[in-house]
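Inspection log for the structure reproduced underneath, given as structure tokens.
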Amino acid sequence: MSQKPAIPKGTRDFLPVEVARRTYIFDTIRKAFKTYGFEPIETPSFELSGTLLGKYGEEGDRLIFRILNSGEKMKKADMEALAQENLPRFANSLSEKALRYDLTVPFARFVVQHQNDIAFPFKRYQIQPVWRADRPQHGRYQEFFQCDADVVGSDSLIYELDFVQLFDEVLTDLKLPSFTIKINNRKILSGIAEVSGAADKLVDITVAIDKLDKIGEEGVVKELEEKGVTATAIERIKPLFTFTGSNANKLEMMRTFLASSEIGIKGIEELSFVLDQTAEIGLKRAELEFDITLARGLNYYTGAIFEVKANGVKMGSICGGGRYDDLTGLFGMKGMSGVGISFGADRIYDVLTELELFPEETSKGLTLLFVNFGDKEQALCLKLVRQLRNANVSCEVYPTNSKLQKQMKYANDRNVKYVALIGENELQNGVVQLKNMSSGEQLSVAVDQLVDFEWNV
RNA sequence: GAGGUUGUAGCUCAGUUGGUUAGAGCGUCGGAUUGUGGUUCCGAAGGUCGCGGGUUCGAGACCCGUCUUCCUCCCCA
């Protein structure tokens with residue numbers, strides 16, 4: 001009885017070449033994280049439900065994968081809640097663990113739990129998969145990797161500065177030709193709500209403004225009206241819709257707009273520090289843009305908000321991040337400011353694939369394959385393989401004395417760099433025919449000089 | 001969670017108003033070719049037409065359900 005092979009929606013298998021390319025992305029990110037002084041930690045793939053639930057806004061809980069209780073624990077099912085159609089309570093009685101939804105909330109839990117074992121400001125990076133019960137779409141998976149770097153325990157703005165450079169460094173290293181780091185500040189958004197006389201509608205206003213480039217001015221106004229924002233407040237917000245110019249111009253305009261809001265001005269000051277200092281230090285390839293419409297749904301950001309978009313491709317944001325002043329407060333540790341960013345490795349992979357930006361090396365596996373001509377020849381090949389492996393050259397012998405054509409085809413399919421041929425003649429003369437599989441060139445190399453061949457050129 | 005869309009060979013897809021034994025290209029395997037892969041030629045294998053039910057003398061095609069694909073919304077990496 002055979003079963004049709006399939007994997008759950010929103011998940012993927014990875015072929016060797018795909019793993020090689022993903023590793024290239026992870027290695028590039030990891031290297032930069034280390035250079036910037038972050039140290040790796042890991043947390044479990046699943047947490048207690050209570051750690052995650054209620055941390056991602058009203059809609060968030062819906063997207064968290066729950067792990068069903070097993071064995072005797074099944075009996076804890078709250079049938080009364082089911083009868084009353086209280087589905088959330090019923091779900092909670094069925095499940096006490098859940099797959100992590102992101103790396104930030106587990107990190108906050110980690111910091112509080114291990115506060116006596118770590119030094120503040122604590123800088124950590126973490127590269128692990130996360131899971132979301134989202135509907136899969138282009139660039140949207142149910143299992144994907146996040147590559148996070150966060151600092152907790154300092155409200156210094158030099159970390160915001162570091163993160164802007166980190167985005168720039170990693171994406172430049174990955175040869176991404178054009179990308180924009182968008183930056184905003186939650187305090188500026190608060191200021192807007194305050195100045196408009198609708199401070200209580202902060203979230204609705206930011207969510208609506210965030211959609212400006214998608215649904216246009218009319219759409220935003222409509223959404224604000226639907227959310228119960230007053231007409232006078234909307235009139236005050238309207239000037240922001242036509243907000244253009246250089247970062248310096250925008251800052252000036254906002255400084256005027258927010259003049260009466262203390263928190264708004266604080267946001268302007270924070271943002272201008274980051275923009276000015278970044279201009280001072282310079283960026284390799286990134287554009288840094290103050291984007292007033294950048295809000296992001298996560299309700300725990302309190303200061304800087306980041307988002308990175310690759311230009312010229314149809315793909316949502318490839319990186320995100322921001323400052324959260326009291327994330328650890330949820331776990332009972334007050335007054336710990338944190339700021340962090342996340343690289344969406346899977347989306348970066350899709351962008352690099354679309355733009356054909358992966359280096360050629362990532363498609364090479366084996367460096368050298370020895371063709372098998374028979375027992376005597378094989379014996380010599382095995383000795384040579386041993387020597388080459390000691391010299392870190394990846395190589396192997398074809399397992400049987402098959403037709404040469406078949407062995408060559410195998411080498412071709414494996415995308416090996418070189419094929420070594422040692423037949424009767426070569427055995428007698430102590431040489432190897434070395435064939436470069438991409439150029440087709442073939443040269444004769446003495447057996448005792450094989451280890452010194454420049455394999456990686 | 002809401003709306004739309006898709007599903008036929010390993011992959012990409014044909015398949016007429018419902019009518020005999022469901023096709024092609026690519027890929028795979030074998031051969032032409034017993035020391036040379038990517039090109040060429042010949043041959044072969046490979047399908048419960050997503051799954052379940054219904055209509056019909058007859059369903060790959062029509063209807064219902066379900067799962068899946070891709071897209072829009074919500075939200076996000």
Side-chain angles (χ1 to χ4, degrees), chain A residues 1-12 25 29 56-64 87-88 101-104 127-148 167 203 207-208 210-211 214-215 219 223 294-299 301 305-310 314-322 340-351 369 371-374 377 398 401-427 432-442:
Chain A
M1 189 73 178
S2 80
Q3 183 187 351
K4 193 175 183 180
I7 55 175
K9 65 177 176 182
T11 65
R12 293 148 301 158
I25 293 173
I29 293 171
Y56 305 102
E58 283 176 41
E59 295 291 302
D61 287 359
R62 198 188 81 209
L63 300 177
I64 293 174
L87 296 181
Y101 175 90
D102 71 358
L103 300 178
T104 307
I127 298 178
Q128 291 191 279
V130 302
W131 294 269
R132 294 185 186 178
D134 204 357
R135 190 159 292 214
Q137 265 179 60
H138 181 61
R140 187 177 286 217
Y141 306 100
Q142 292 202 338
E143 178 182 60
F144 62 97
F145 270 76
Q146 286 192 329
C147 311
D148 278 28
F167 282 136
V203 173
V207 168
D210 187 44
K211 294 177 190 165
K214 219 172 190 176
I215 59 179
E223 179 153 335
L294 178 61
R296 305 181 54 75
L298 287 181
N299 46 10
Y301 290 130
I305 305 173
F306 302 112
E307 182 170 293
V308 182
K309 297 211 46 155
K314 194 170 172 260
M315 176 64 75
S317 57
I318 55 175
C319 310
I341 60 169
S342 180
F343 287 84
D346 297 82
R347 284 192 177 175
I348 291 171
Y349 180 96
D350 289 348
V351 169
L369 178 76
V371 167
N372 192 325
F373 279 97
E377 292 87 347
Y398 193 85
N401 177 10
S402 303
K403 282 171 57 172
L404 183 56
Q405 181 186 227
K406 186 168 175 172
Q407 299 192 44
M408 291 302 287
K409 185 166 157 35
Y410 179 73
N412 191 56
D413 292 345
R414 287 271 309 262
N415 207 6
V416 306
K417 271 171 121 170
Y418 294 96
V419 164
L421 298 108
I422 303 178
E424 207 175 336
N425 295 340
E426 287 79 10
L427 204 56
V432 176
Q433 296 297 330
L434 205 58
K435 177 161 181 161
N436 181 321
M437 290 299 279
S438 42
S439 68
E441 284 169 23
Q442 189 166 312

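Just so it is clear, the values below take in all heavy atoms, side chains as well, and ignore hydrogens, waters and symmetry mates. Since the structure is predicted, the reported quantities are computational estimates derived from the model, not experimental observations. In the text below, chain A, chain B and the rest are named by the order of the sequence lines, each starting its count at 1.
- The C1' atoms of C74(B) and G3(B) are separated by 12 Å, rounded to the nearest whole Å.
- For G31(B), its base never sits under 3.5 Å from the side chain of Gln405(A) at any donor and acceptor pair.
- Distance check on atom C1': G18(B) versus U55(B) gives 12 Å, rounded to whole Å.
- Taking only distance into account, the side chain of Arg140(A) meets the base of C75(B) through a donor-acceptor pair shorter than 3.5 Å.
- Distance check on atom P: C51(B) versus C67(B) gives 16 Å, rounded to whole Å.
- If you check every strand for non-hydrogen atoms under 4.0 Å, Gln442(A) touches a base.
- Distance CG (Leu294(A)) to P (C76(B)): 11 Å, rounded to an integer number of Å.
- From Arg140(A), atom CZ reaches atom CZ of Arg347(A) across 6.5 Å, with rounding to the nearest 0.5 Å.
- Contact of Lys435(A) with U36(B) (side chain to base): a donor-acceptor pair of N or O atoms is detected under 3.5 Å.
- Rounded to whole Å, the distance from NZ on Lys211(A) to P on U72(B) is 15 Å.
- Under a 3.5 Å cut-off, the side chain of Asn372(A) and the backbone N or O of Gly374(A) do form a donor-acceptor pair.
- To the nearest whole angstrom, the two P atoms, one in U5(B) and one in U72(B), are 15 Å apart.
- Checked by distance alone, Gln433(A) brings no side-chain donor or acceptor within 3.5 Å of a matching partner on the base of U36(B).
- A gap of 36 Å separates the P atoms of U6(B) and A44(B), to the nearest Å.
- If you take CZ on Phe167(A) and CD1 on Ile318(A), they are separated by 9.0 Å, rounding to the nearest 0.5 Å.
- Between A9(B) and A14(B), the two C1' atoms lie 13 Å apart (nearest whole Å).
- A close approach under 4.0 Å does occur between a side-chain nitrogen or oxygen of Lys406(A) and OP1 or OP2 of G30(B).
- No engagement by Gly316(A) is indicated, since no non-hydrogen atom pair under 4.0 Å with the nucleic acid exists.
- U28(B) and A45(B) are spaced 9 Å apart, taking the C1' atom of each and rounding to whole Å.
- Here Ser438(A) lies in heavy-atom contact (under 4.0 Å) with a base.
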